[in-house]
Amino acid sequence: MASETLLFHLSDIHFGLEDNKALDWVKQEIAELRPLAVAITGDLTMRARDREFAAACNWINALDLPVTVEIGNHDMPYFNLLERFFAPYNRFRAIEKLIEREIDLPGLAIVSLKTAVRAQPRLNWSKGWVTRPAQAKCLAAIDALPAGRKALVAVHHPLREVGTKGTALTHGGLKALTELAKRPVLAVLSGHVHDPFDLIEDTPAGPVRMIGAGTLSQRLRSTPPSFNELRWDGHTLTVRARNLDEVPTRYMQIEDVPENALPPREPGEPVAPVNQVPRTDPPVH
Ligand SMILES: [Fe+2]
Ligand SMILES: [Fe+2]
């Protein structure tokens with residue numbers, strides 16, 4: 001393949017508590033670089049309110065390019081429990097219809113795997129859960145791809161813990177990842193933990209690459225607002241964690257201890273030169 005495919009991977013915009021400065025910047029980057037598509041890996045909103053979905057819809061449609069969206073745990077009804085149980089995905093699906101457009105990428109396909117569920121047999125329903133039907137649907141979509149086409153699997157929750165401050169604790173994650181390892185999967189794209197990473201996870205069926213995008217909301221964990229720029233040349237997928245503070249990707253990603261990437265400051269303390277944080281800093285437990 002001669003030309004390079006450029007994709008943007010955004011996540012966790014959380015309209016209702018979005019970072020407008022970051023969103024203006026991303027919009028500008030999209031207008032300038034014109035990626036072939038944008039994949040958004042969930043948590044479009046804070047509480048799945050109509051006004052939050054409307055804001056998401058307006059912002060995404062104004063990008064004027066193909067976009068895929070995944071459902072996040074914040075995109076299901078939060079206040080209306082009846083709706084949460086009986087029609088948890090209706091609000092998101094209605095918006096998805098307005099937003100998503102057919103995407104035709106050379107040699108690649110973005111395939112969805114739902115990890116957000118209405119309820120689960122543990123106290124914290126915000127965590128990930130791969131149901132059997134969701135996994136079957138995803139695998140069938142991969143198996144139906146034309147020969148030679150590789151899949152980028154888009155999920156909300158990382159399928160395995162990756163050492164970020166936030167956790168996904170995805171039930172069935174390793175099983176799903178093991179099935180994906182048997183198939184032509186280039187990478188699994190996720191969000192939820194609000195910090196970026198790019199790791200290889202070993203499964204009983206072989207390695208799978210897991211790529212996480214940070215957040216474009218005010219709900220920061222360890223790193224400034226960011227998104228991932230993915231470049232695919234037919235052989236290699238490269239990832240840059242783009243951020244307004246211009247922190248280099250290697251300091252943004254979890255393998256380089258993002259807990260230390262932006263150390264908390266006392267009032268009056270000068271801003272630390274983030275890009276000079278030594279890579280050998282001990283991990284914070
Ligand atoms: Fe989130
Ligand atoms: Fe989430």
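Quick note: residue numbers are just sequence positions, from 1. For ligands, and for the atoms within them, numbers begin at 1 and follow the listed sequence. Note: hydrogens, waters and symmetry copies are ignored here, and every other heavy atom, side chains too, is used.
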Contact check: His194 to the Fe ion (ligand 1), N/O/S below 2.8 Å: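 Yes, within the cut-off.
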Arg122, CZ: over 12 other non-hydrogen atoms inside 6.0 angstrom: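 Atom CZ in Arg122 is packed in, count exceeds 12.
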The Fe ion (ligand 2) - name of the N/O/S atom of His192 that sits closest to it: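 For His192, the N, O or S atom at the smallest distance from the Fe ion (ligand 2) is ND1.
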Asn73 N/O/S atom closer than 2.8 Å to the Fe ion (ligand 2):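 Yes.
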His156 near the Fe ion (ligand 2): N/O/S under 2.8 Å: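 Yes - counting backbone and side chain alike, His156 has an N, O or S atom under 2.8 Å.
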At the Fe ion (ligand 1): angle between Asp43 atom OD2 and Asp12 atom OD2, to 10 degrees: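 The angle at the Fe ion (ligand 1) comes to 90°, rounded to the nearest 10°.
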Thr215 side chain to His14 side chain, donor-acceptor N/O pair below 3.5 angstrom: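 Note: Thr215 and His14 side chains miss the donor-acceptor criterion.
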Whether Phe15 and Trp59 hold their rings parallel, tilted or perpendicular, with breakpoints at 30° and 60°: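 Phe15 and Trp59: tilted rings.
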SB check Arg149 Asp104 (cutoff 4.0 Å):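 Answer for the salt bridge query: yes.
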Under-4.0 Å salt bridge between Arg183 and Asp143: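 Answer for the salt bridge query: yes.
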